[in-house]
Structures are given as C-alpha cells and as structure tokens.
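Proteins get letters first, then strands, A, B, ... in listed order; numbering begins at 1 in each.
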2 protein chains.
Amino acid sequence: MSTIAKAMHLLNTLADMRMEPGLTDIATASGMDKATTRRMLVELSRFGFVEQDLLTRRYRLGSAPVRLARIREQRYPFASIVAPFARELVATTGETVHVSEPAGDRLATVHVEMSDYTHRVIIDPGQLLPLHATASGLAYLSTLGPAELEATFATPLTAFTAATATSTDQLRERLNEGRRLGYCISEGGYEAGVMSAAAAILDAKGRARGTIAVAGPAMRVDRAKLEEFGAHAAEIARSIERALWGTQKTGQDRHGRTEWMTAERSKTRAISQS
Amino acid sequence: MSTIAKAMHLLNTLADMRMEPGLTDIATASGMDKATTRRMLVELSRFGFVEQDLLTRRYRLGSAPVRLARIREQRYPFASIVAPFARELVATTGETVHVSEPAGDRLATVHVEMSDYTHRVIIDPGQLLPLHATASGLAYLSTLGPAELEATFATPLTAFTAATATSTDQLRERLNEGRRLGYCISEGGYEAGVMSAAAAILDAKGRARGTIAVAGPAMRVDRAKLEEFGAHAAEIARSIERALWGTQKTGQDRHGRTEWMTAERSKTRAISQS
DNA sequence: AAGCTGAGGTTCAAATAATGAACCAGTAAG
DNA sequence: CTTACTGGTTCATTATTTGAACCTCAGCTT
C-alpha cells in the first residue's frame, strides 16, 4: 500500500468519524499503527489538511480542503451551478435530492437538497457511495464503455441489502435498462427502505461528470413514482448540462455512447490503476 | 522530504497553476521527477483529489476536496457563517474583504467579498498568504504566544516588497502594535500599492481560528482610512465570534492572551514540526 | 516517407523513507 | 500507591520511493 494511499485513507477515516477523535481512536478506526497514524497526522497538519486542538489534543479535518474546493469550484463550478436545479427537482418530486461527482472508485456527494417531508431520506453531504449499489452509481456506470466497466466488475460486488445486484449479469441488466430509459433506479439496493432514481450529468463529450438523484422512503415511493422521478431527474440533468456546457449541440446521443466507441486514443489507458 | 509532503506540494502546485496542465508542466512546476510526479498523480486520482481528462490527458484538481470541505464546513461552519459579516464589512468600508484560516504555516483564503469599485483589489479565493508580510498574517501572529512564534521567527522572512518587515525586531514591533490596537495593518508589505487592515477571529479559548481583512488600492486608501478599516474589521471579528461560539463570556481578554500563559499543558508541543 | 521533436508513460537497481514493538510520561479512577 | 488508560517517541528492520534511461505515439519539417 502506497504512503499516499494510506494518507488518503486516514483522511477519509477522519472524515467519516462522528466527532473529534483522539490519536488512538483514529489509529483503531484506520487500522494503522499508532506511530504511523501520528506521523501522518502531523504531516497532514503541516499542510492544513488536519488540525489538532492543542488543548484537548483531538484531531479534526483542516481548512486546506476548503481552499482546494474553492479553487476547484472556481475552475469547474459543478456544485454551485447544480444547486438551483437540485432545488427545482425537490420542488417537483417532493423528495430529497443529492448530486454526486466521481471520486476515485466511488461517487462523492457534493450537494444535498432536503425534502420538506418530516419523514424523508437524510443524506449526509460528503457521503461516499458505491457504484454498483446506488441509483447514482448505476447511472454513472451506465455511461461508461466496456473497458472502463472492467475495473468495477473485477472487484467483488458487496451486498448491502438483499436487493443489491451482486452478479455481473444482474448489473449488466440494470445498466442496459438505465441506458434505455435514461435513468437508473435502486429499490433499497444500498439501504433497505430507500427508493431512488438517478440520472447522469454528461459533459460535452458524453462523459459522466456527475449524477443527480431523488431518494424517498419506500412507504411513500413505489415503483411507478420512482419511474416518474427518474424521468424528472433525467430532464433536470439535461438542463444542468445546458447550464454547464452551453446550448451548442454535440454529436453524441443522449446516453453518452460516443467517446469510447469512436475516439479510443491508444491502447494504453491514460490512468492505469494496477 | 516525506512522501506526504511531496504529495501535498503537488496538490498545491496543481492548485496554483492557471489552467489544466500536462504531466511535464506539473513535473517542472513542482520540481519533481516526471516519473514521481505521474505516480503521485495516479495515486491521488485514485482518491479523487486529482482528475485527468482522458482525452487531452491533462490534469486538474478533483472533487474529493469538495467532499472534505463539505464535511469540514458542516462540523465547523467557518466560511459559511463568516460570509454575511464579510459582506457587511464590504458595505461599511467599500473595499474588498477576505477571510482566511490557518493552514500549516500560512493562511488560506477561504472567502472573498469583492468591492464594488471598478478599481479594486482582487483576491483569488484559495490564495495562500505568508504570515509575516500580510495584514491577515500579522493579525494571526499577534495572537500567538512566544513559543508558537518561534517557528515563524526561525524561518527566513522573505521580502516581497520594500515595505515587508524582514527583521524579527520590526516584526515584533508590528505585532505589539497589533495587540495594542486589536488589528494589524500592512501598507504594501505583500504587494506594492495594496493597503490592508486585518483582525483575528478568536475562539472561546482565545486562539485565532481565522482572520478577516479589508484591502484597498493605495490610491484611495491612506493610513487614516486604514486605521478606520482596522477598527471596523476588529468590530466585525467580535460579531463573528459571537455568531460562532455564542454570546457567553469567557475569561480571556480581547486579544486572546490567555491559553499559552495559563494552560501550557506540558513541555512537549502537541504537534512538533521538526 | 523519413527524420525530428516532444509529449505521456514505464522500468528496475539504488537510495531513501516508512514501519511498529517497546518505550516514556501524564492523568484519572479505584 | 496501583492500575489502566491516554498521547507521544525511538531506532533497528523493512518496504517503498526514486530517477536516468527507456519506450511509444502524434504532430511537425524536410
């Protein structure tokens, strides 16, 4: 395991921990040695990624990510452009909406708009979603070419609930359905009782830059409603694309099946993750 | 140099580069070997800190920092709480206001509110500011105890302009002035022609958690105006503190001279950066 | 078409950095 | 006083990182 991977793992661990943990807590949670953990925390703190309360000696996420996030959003204003559309989708569906971006081999939730219902799905901003078990993840996968899908199929597909698609055949089936409809659905595939529908947000070249999803409790949301939500999500996704990349038409079809078929640049993958 | 430090350096380099650079550009800019640079970019991309455009093969900041920033802001909502106060300060002073947080050995600008003047100071959100040469940096340093100041005095003080304080005596003088007034000023100490005044934002224990600064062009802002701005900034800083930590009084004085004098927990520094 | 040039990406012996069991010190409870 | 936790540190051992040289591809010049 590379040192960087360990540092990132530590950062993720820290991000996932409820409140301000001490050194031992973090070492336990991340499964690393206490000495190693501390060395990394110190090193990360030198760059502001981690902060330590000098009195309680507990650690927390630092402000460096806030700075990087600002730069990222300035150059590539995804979350901020997408926010009003997410609100619109909450207004039409009544359910919680979340917007995610690809981050490594998962999706990172970068924006959440809560439903007004008292009984609603609550999504933590910043949650990391698995690709094969969530509507968002499926919507994302459905835009990928066969070569890019290999990486996902290669790793074991964790079953989060009984409804999770764990075989590659099931998954392929769902992705095909998603490509056909323009959106993907998950009926409690990640968390039991949570129904969701999601559509991918594509860039000018048909590559998925993010997803937008509607999620509601099974008590209120049935299959029919989910299909309705999916259609709305796909519609909003098109609006977001127009806002992000302008209105000019490009050659690709609605489901982004262009690049990997037409423009495979060379045999070697640009970022190979062996 | 530790691997993590190199990775962070790379991330900072990438953040500072104007647009999407290629591998060689990044290697040159960061002063690292091409192979090393690439390995790190790949590793960082696995966690979403860096993204590569698969067609142009150029690299950019990824969305992982956005995720971490959301979590950080949720737990410790500095930037979002501070924003309306920054706007208020723009309204009263007419000049550009920026809010920074400590990030390692510098200050990271986490929020900027622009002046309405056509001729105004433009500050990039995400800029990293040196501690000894900016009003914000001085305001921050002025809250530290002698032990904590050592680290800054130990490193050579870069002269950005003729007005930069480069001797420890000059610096100590300015910090004393800052403690007396409750704000610090910089008359072109970082960039010629930019006048600025800043006040530290303290937590309940008197430790600086950030700074708020007003910056205007020398053409319009003279020493007298700067003092006025400083007073306003200090006032707003107090309001921000009330918003952040509630209204309950704590024992420390207005300039935060408590903790390091009364509660030095032990001989060993909590985070020693040797 | 042959020959450059410079891009991104890769290799492997050599150099360097990370590791972790055992350690110290402080603190709080019994 | 003892016990059992903290957070933090040490240093011989071990594993990772390094970078000069290399490859391949695309675009440009002759």
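Between Asp53(B) atom CG and dG9(C) atom P there is a gap of 12 Å when expressed in whole angstrom units. To the nearest angstrom, P of dT6(D) lies 16 Å from CD of Gln52(A). Taking atom NE2 of residue His9(B) and atom P of nucleotide dT18(D), one finds them 12 Å apart after rounding to whole Å. Per the geometry, CD belonging to Glu20(B) stands 17 Å off P belonging to dA7(C), to the nearest Å. Distance CG (Asp25(A)) to P (dG8(D)): 12 Å, rounded to an integer number of Å. Rounded to an integer number of Å, the gap from Met1(A) CE to dA18(C) C1' is 14 Å. Rounded to an integer number of Å, the gap from Ile4(A) CD1 to dA17(C) P is 14 Å. The distance from atom CG of Leu23(B) to atom P of dA26(D) is 17 Å, rounded to the nearest whole Å.
Thr3(A) has a side-chain polar atom (N or O) that falls below the 4.0 Å cut-off from OP1 or OP2 of dT17(D). Between Arg39(A) and dA18(C) there is no side-chain N or O to OP1 or OP2 distance below 4.0 Å. The phosphate of dG20(C) has OP1 or OP2 within less than 4.0 Å of a side-chain N or O from Thr36(A). Close to dA7(C), at under 4.0 Å from its OP1 or OP2, lies no side-chain N or O of Tyr59(B). Residue Arg57(B) places none of its side-chain N or O atoms closer than 4.0 Å to OP1 or OP2 of dG8(C).
Arg38(B) contributes atom CZ, which lies 11.5 Å from atom OG1 of Thr24(B) (distance to the nearest 0.5 angstrom).
Between the base of dG19(D) and the side chain of Lys34(B) there is no donor-acceptor pair shorter than 3.5 Å.
Comparing Ser2(A) and Thr24(A) by the nucleotide of DNA chain D whose heavy atom lies nearest to each, the residue mapping closer to the 5' end is Thr24(A). Each of Pro21(A) and Lys6(A) has a nearest nucleotide on DNA chain D; the 5'-most of these lies closest to Pro21(A).
Side-chain contact of Arg67(A) with Asn12(B): a donor-acceptor pair under 3.5 Å is present, judged by distance alone. Side-chain contact of Thr109(A) with Gln127(A): a donor-acceptor pair under 3.5 Å is absent, judged by distance alone.
Taking every heavy atom of residues 26-33 of chain B and every atom of DNA chain C, no pair lies under 4.0 Å.
Side-chain atoms of Met17(A) and Ile26(A), non-hydrogen and from C-beta on, do get closer than 4.5 Å to each other.
For the pair Arg70(B) and Glu73(B), the salt-bridge criterion is not met [side-chain N within less than 4.0 Å of a carboxylate O].
Checking side-chain atoms of Arg58(B) against main-chain N and O of Asp53(B) turns up no donor-acceptor pair under 3.5 Å. Under a 3.5 Å cut-off, the side chain of His132(A) and the backbone N or O of Leu138(A) do not form any donor-acceptor pair.
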